Structure formats: structure tokens, C-alpha cells
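Down below is the structure, laid out as C-alpha cells.
Letters A, B, ... are given to chains in the order of the sequence lines, protein chains preceding strands, and every chain is numbered from 1. Remember, it's a predicted structure, so these values are computed and weren't measured experimentally. Worth knowing before you read on, the calculation uses all heavy atoms, side chains too, and leaves out hydrogens, waters and symmetry mates.
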Amino acid sequence: MSLLEVRNLHTSFFTDAGEVRAVNGISFNLDRGKVLGIVGESGSGKSVTAYSIMQILAETGKIVDGSIKLDGQELVGAGEKVMRTVRGNKVSIIFQDPMTSLNPTYTIGHQLTEAIMLHTNRDKKQAWDRAVEMLKLVNVNEPEKRMKQYPHEHSGGMRQRVMIAMALACEPDILIADEPTTALDVTIQAQILELMQSLQKELGMAIIMITHDLGVVAQMCDEVIVMYAGSICEQGTADEIFYHPRHEYTKGLMRSIPSVDNAGEKLRPITGTPIDLLNMPKGCPFAPRCDNAMKICIRERCERMEINENHAAACWMNVKNAAETPQQDEEATQ
Amino acid sequence: MAEKSNTPLVDIRHLKEYFNINVGPFVTKPLKAVDDVSFTINRGETLGLVGESGCGKTTVGRTILQLYKPTGGEIYYDGKLVKTRADLKQFRTKATMVFQDPYSSLNPRMTVSDIIAEPLDVHKLCKTKEERRARILELMNYVGLNSEHASRYAHEFSGGQRQRIGIARALAVNPEFIVCDEPVSALDVSIQAQVINMFDELQDRLGLTYLFIAHDLLVVRHISDRIAVMYLGKMVELADAKEIYDHPLHPYSQSLISAVPVPDPNIARANKRIVLTGDIPSPLNAPSGCPFRTRCRYACDKCAESMPEFKEVSSGHFVACHRTAEIN
């Protein structure tokens with residue numbers, strides 16, 4: 001049994017303009033000690049997936065259907081009481097923006113010890129020691145001094161370290177990192193990624209790495225999920241996804257990033273703009289932007305198909321004679 | 001690529017920009033955002049400017065266009081010193097800017113056509129209404145916007161389209177030189193590639209010269225002919241794009257380039273990253289001597305004493321490091 005099993009998850013936001021299906025039927029497993037990358041553009045539903053697991057969605061958001069099982073325990077429909085034992089203890093999250101995710105009016109030490117005391121039965125003194133220990137673990141210099149300082153006295157990289165320390169203080173089984181390095185500079189990003197990698201080896205937790213940066217995914221992840229418009233286009237091991245992409249969106253994404261190989265050449269971007277989630281097409285959500293779209297792509301959504309045991313994709317291009325199938329169907333119905 | 005000549009179009013000499021920061025009541029201290037930076041950009045060339053946040057790369061761009069009045073140094077454009085107000089007005093019909101954030105750099109109360117036409121109105125470049133309208137449509141066409149978009153407002157557009165509006169505005173005065181300040185950082189990967197290609201095409205078509213400021217090294221490597229690296233207000237290295245990528249000489253450039261995540265699992269796993277320790281120091285308390293010495297693996301006593309000279313070590317490759325010869 002996998003540590004985390006997500007099945008057919010649907011999360012919607014009910015806005016004045018209508019229902020926005022941010023996550024539209026996704027399924028995946030996460031095993032102990034693995035690093036899973038979720039990539040996609042803004043609005044593809046990658047963060048909403050993470051928030052659904054933690055059940056920290058905005059008020060308008062709701063899990064409409066599906067199941068999330070953590071260690072065999074069903075989380076969808078579980079009450080706030082159950083979720084409180086999950087959040088922080090079993091699953092922790094670090095957010096994108098280290099500048100806004102700490103409370104500016106309390107010291108770092110106060111915020112760390114508060115979190116530790118809430119989740120474990122340590123008293124204040126023990127929690128303080130534990131916090132110092134955690135700061136040491138994430139390579140913060142002079143942790144005792146740092147504990148008495150306020151967030152504004154720390155740089156972005158330092159604050160992200162504090163967030164990681166807080167997330168790991170209760171030794172969660174799963175760490176969700178929602179764009180943890182997007183707001184940081186390259187050299188600081190390298191420090192944080194290195195730190196996460198070594199902590200992952202040391203503590204053996206599983207990581208869900210949410211990012212739009214394929215470089216970060218290549219460096220960190222064992223398995224990759226590519227999302228577009230709330231659905232999974234493709235999932236598989238990092239090697240499979242990077243070297244043998246089987247969905248047109250993934251292929252387009254790989255072609256459109258500048259690399260050392262294509263310097264000086266024209267990039268081949270994906271044309272068009274991301275889809276409006278309020279007006280989802282009937283067929284494949286990527287079809288309007290896809291260069292190789294066929295009739296069937298516009299008419300019918302492709303189901304997830306196994307390419308091999310390490311790789312699955314939802315693209316009609318992988319179906320033999322898919323281009324012809326719809327015509328036959330048409331004849332049949334006429 | 002447009003034809004490249006060897007007379008520099010833009011020649012920046014010893015540019016300085018200090019901001020006075022209040023450090024206490026009645027006490028100010030100069031923050032040296034840009035400290036003695038010199039470089040040239042040739043006609044038709046793209047110079048990439050990279051560095052971490054706070055290194056002064058944006059300030060360089062803004063100071064060249066004199067959106068900030070330079071504290072010191074000279075800006076020569078096409079061989080002429082830009083000094084008086086009249087020079088500056090003339091200069092700004094030749095040099096324009098594309099801003100980083102397509103959400104805040106367009107006035108939400110103006111229509112797209114008014115945004116694009118504002119430079120035309122300011123510099124009184126169009127004599128008749130018809131001419132103005134025709135020019136607006138021509139500009140929109142350049143950047144791939146439809147004529148029906150002209151009467152809409154900025155909020156009706158996506159990030160990528162807004163950036164196109166910003167570029168059309170920058171092109172309005174028929175410039176030769178554009179300062180592009182992180183023009184693609186706020187965009188998604190797939191949209192980013194569209195905008196990068198557009199910069200390329202416009203350069204070919206209109207013979208533009210770019211100063212391309214960005215922190216994404218892969219993007220800069222793709223678009224630039226030469227790349228300059230800045231650290232804490234100083235320029236530390238300047239060379240041909242391929243040269244600086246393959247043989248960076250300054251220890252900072254080396255770690256910066258090695259830290260870029262490569263979207264290829266095998267390379268990424270095998271990559272020997274040089275991970276810097278510590279953070280970028282505050283420019284208010286910049287270290288003595290070489291600004292990078294506090295994070296440098298090779299720092300020695302000499303580095304604390306004096307700022308290394310920015311000198312040419314091989315043809316077109318400039319570097320500011322005392323120990324270039326020893327460490328490479």
C-alpha cells in the first residue's frame with residue numbers, strides 16, 4: 001500500500017461567475033521516501049491539489065468527489081478534528097513566498113515553539129530546545145540568536161529555512177513544497193534544494209514538489225506528474241518524462257525552454273494562451289493549443305493510458321489509428 | 001541577426017547611482033546601488049545583464065535612461081554625451097524601456113491604443129489623427145495583437161498579451177535601443193518562449209539593440225550575444241555569451257552558472273554544483289575590497305584590501321578578480 005493514494009480527485013471553486021473546476025479527476029500514488037514532482041503552468045491546478053490534500057482550500061473551494069487516503073485513512077469527508085492530527089504531524093507544507101508566510105509580529109522562536117507545542121506534548125523548554133535543534137538541522141547560523149529575532153531581520157533564504165524547520169519539526173511522513181524556491185535567487189535556490197535533498201535522505205520522508213521549473217524537477221524528483229487545466233496529462237518516472245515524453249503538452253513544454261543545446265536557435269513555443277477554466281472544452285483541454293490536434297481530440301477527452309509500467313499519458317497520439325476512429329464512429333451513428 | 005558594426009551605440013563610463021537611505025533620525029547613508037560600472041553595447045547587439053536581486057541590474061537599466069539621475073559617470077549614445085535636458089529628450093526617442101511586471105506597468109484606466117500612443121503624443125510624432133491611428137495599428141501588428149484589441153483595457157488581457165502591449169509602447173517612438181527589464185520573468189514557460197521569439201524577430205526586423213536584464217540564466221544565454229554579471233553594484237565579469245557559459249572566470253559567475261537547474265535529469269544528477277554559503281550582504285554594509293569575498297572560496301587578504309580592477313584577460317573577456325590567473 002502506498003503512503004498516499006489520491007483517487008479521482010475533483011476540487012471546484014464556486015465563484016460568482018460559475019463553478020471553476022480547478023482539479024478535475026486526478027489520481028496518483030506516493031510511496032514512502034519518494035520525491036514526486038507536480039509541474040504545470042499557473043492555473044493548472046497543482047497548488048489546489050496540494051491544498052486539497054491538506055484541506056486548506058479557500059472558503060469557496062470544495063472537494064467535490066474522489067478519495068485521498070493517507071496510510072489507509074480516508075481524508076475526504078474527515079472532520080476538522082482528524083485533519084488537525086494530520087496537518088503538521090503527518091503532512092506538512094511549505095509555501096512559495098517566505099516573505100509572507102511568517103507572522104511579522106512574533107519572533108522566529110515564538111512561532112517555531114508554538115508549532116512544536118501544538119503538535120507534540122513537549123513543554124515550553126523542550127519545545128525551545130527542539131526548535132534550536134531544527135534550526136541547526138537546516139543550517140541556520142547562530143540558531144540561539146536567530147530564535148530571538150523577528151522575520152524581517154532574516155533574508156528570503158533564511159526565512160525559507162525557518163519554514164522548512166517548522167514543517168519538519170514534527171517529523172511528517174510527507175512534506176509538500178509549493179514552489180519553495182520560486183521567490184529566491186539562483187544561488188539561494190541551489191542552497192535550499194541541496195538542503196531539502198539531504199534532509200530527505202536523512203529523515204526519509206516523501207516530498208511532493210510543486211513547481212513550474214522543469215530544471216528543479218530534473219534535479220529533485222523520482223517521479224513526475226504533468227498537469228494542464230486541472231487534469232494529469234502525463235505521469236511517470238523522471239527519466240521517462242524527460243527523455244520519452246508521450247503527451248503533446250509535455251513535448252511542447254520541453255521544446256519551449258531555452259537550453260544550452262538550442263541557444264541561438266528559435267524556440268518553438270506552444271501557441272495560444274492557457275485555457276479559461278470557466279469554459280472548458282469537451283475534448284482534450286490542450287487540443288485548442290496543440291499543433292497535432294485531430295478531430296477526436298476536440299470531440300472526446302482521452303483517458304489515461306499506460307505506456308509502460310513506469311509511464312502513463314492521456315493523449316490520443318498514443319492510440320493507433322485514433323485519427324480514423326471517429327470517422328468510423330460517425331458512420332456507425334449515421 | 002541584424003548587421004553588427006563595431007562602433008558602440010551605447011557607451012557607459014563609470015556609472016554610479018547612490019541612494020541616500022535614512023539609517024537614523026537626521027542620518028543618511030549612501031547605498032551604492034551601482035558603483036563604477038562601465039560597458040559598451042554595439043549596434044544590433046543584445047547584452048544580457050544578470051545577477052541576483054539587489055545587485056543593481058535594474059538600477060543600471062533605469063539609470064541609463066535617466067529615470068534616476070546618475071550620481072556620477074557618463075552615458076554616451078551614438079558617440080554623443082547625454083547631458084542636458086534637450087539631449088535627454090532626444091535620447092528618449094531613441095531609447096525606451098520594457099518593464100518587468102506587465103500587471104503594474106500599464107495604466108488600468110487607459111485603453112490599449114492610448115497606452116501605445118502615449119509616447120507618440122509626448123514626443124509629438126504624429127501630425128494627424130489618421131496617422132496616429134495607423135501607427136497604433138502598425139505597432140499592434142508588430143507584436144501580434146489584433147486591431148480589435150485597441151479599444152480594450154489592460155485588465156482584459158493575459159500576462160503574455162499585456163507584455164506585448166508594453167513592448168508595442170516601447171516601440172512607438174521607433175527606438176534603436178531598448179532596455180528590457182526582466183520582460184519574461186512574470187510569464188509562464190510556454191508564454192515566455194513566445195515573447196522571447198518576438199524579441200528575436202523584432203530585432204531582426206527593426207535592427208534593435210537590447211540591454212536584456214534578467215535573472216534566468218537560460219533565457220539570457222538564449223537571447224544574448226554578450227553577458228555581463230553583476231554583484232553588489234559592481235560588474236564582475238563580461239564576455240561573449242558562449243564564452244562566459246563555457247569558461248566563467250570569476251568565482252561568482254562560476255557558482256551562478258553551476259547553480260542553474262538544468263532540465264535534464266542525467267545532467268542534473270551528475271552536475272557538480274558550487275553551492276555558495278551565506279547570503280548576499282546588505283549593500284549598505286558592503287564588504288571592503290572585493291564585494292564577493294565574504295562568500296568566495298578563494299578569498300585571500302588582498303581581496304579585503306582593494307577592489308580588483310575590471311580588466312580584459314582575453315579578447316573581449318573582462319573580469320574583476322585578483323586571483324583570476326591562479327584559480328583558473
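- If you tally non-hydrogen atom pairs under 4.5 Å between each of A:His212, A:Arg268, A:Arg289 and chain B, the highest count goes to A:Arg289.
- A:Leu267 pairs with exactly one of B:Val219, B:Asp200, B:Ile196 by the side-chain contact (heavy atoms from CB on, under 4.5 Å) rule, that one being B:Ile196.
- When all heavy atoms are compared, the tightest approach of B:Ser190 to A:Pro269 is O-CB, 3.9 Å.
- Heavy atoms closer than 4.5 Å to chain A are found in both the backbone and the side chain of B:Val189.
- Side-chain atoms of A:Gln191 come within 3.5 Å of backbone N or O of B:Leu276 as a donor-acceptor pair.
- Looking at heavy atoms from C-beta onward, A:Leu193 lies out of side-chain contact with B:Arg273 at the 4.5 angstrom threshold.
- In this structure, chain B has no heavy atom under 4.5 Å from any part of A:Tyr249.
- Side chains of A:Thr273 and B:Gln161: no donor on one and acceptor on the other come within 3.5 Å.
- By the 6.0 Å contact criterion, CZ on A:Arg21 is open, its count of non-hydrogen atoms from other residues, nucleotides or ligands being 12 or less.
- Contact of B:Ser53 with chain A is made through backbone and side chain together, with heavy-atom distances under 4.5 Å.
- Proximity to chain B (any heavy atom under 4.5 Å) is shown, for A:Val217, by neither the backbone nor the side chain.
- Contact count against chain A (heavy-atom pairs under 4.5 Å) is highest for B:Asn197 among B:Val275, B:Val195, B:Asn197.
- In this structure, A:Lys251 places its NZ atom where more than 12 heavy-atom neighbours from other residues, nucleotides or ligands lie under 6.0 Å away.
- When heavy atoms are compared at a cutoff of 4.5 Å, A:Asn141 does not approach chain B at all.
- A side-chain donor-acceptor contact under 3.5 Å links B:Gln194 to the backbone of A:Gly272.
- To the nearest 0.5 Å, atom CD of residue A:Gln189 and atom NE2 of residue B:His215 are 8.5 Å apart.
- Contact of B:Asp216 with chain A is not made at all, since no heavy-atom distance falls under 4.5 Å.
- With a 4.5 Å cut-off on non-hydrogen atoms, B:Thr277 touches chain A through its backbone but not through its side chain.
- Residues B:Pro261 and A:Gly215 share a closest heavy-atom pair of CB-C, 3.3 Å.
- Counting non-hydrogen atoms of other residues, nucleotides and ligands closer than 6.0 Å to CD of A:Glu309 gives a total of 12 or fewer.
- Under the 4.5 Å side-chain criterion, counting only non-hydrogen atoms from C-beta, A:Ile241 is not in contact with B:Pro265.
- Residues A:Asp239 and B:Asn266 form a side-chain contact, since some pair of their non-hydrogen atoms from C-beta on lies under 4.5 Å apart.
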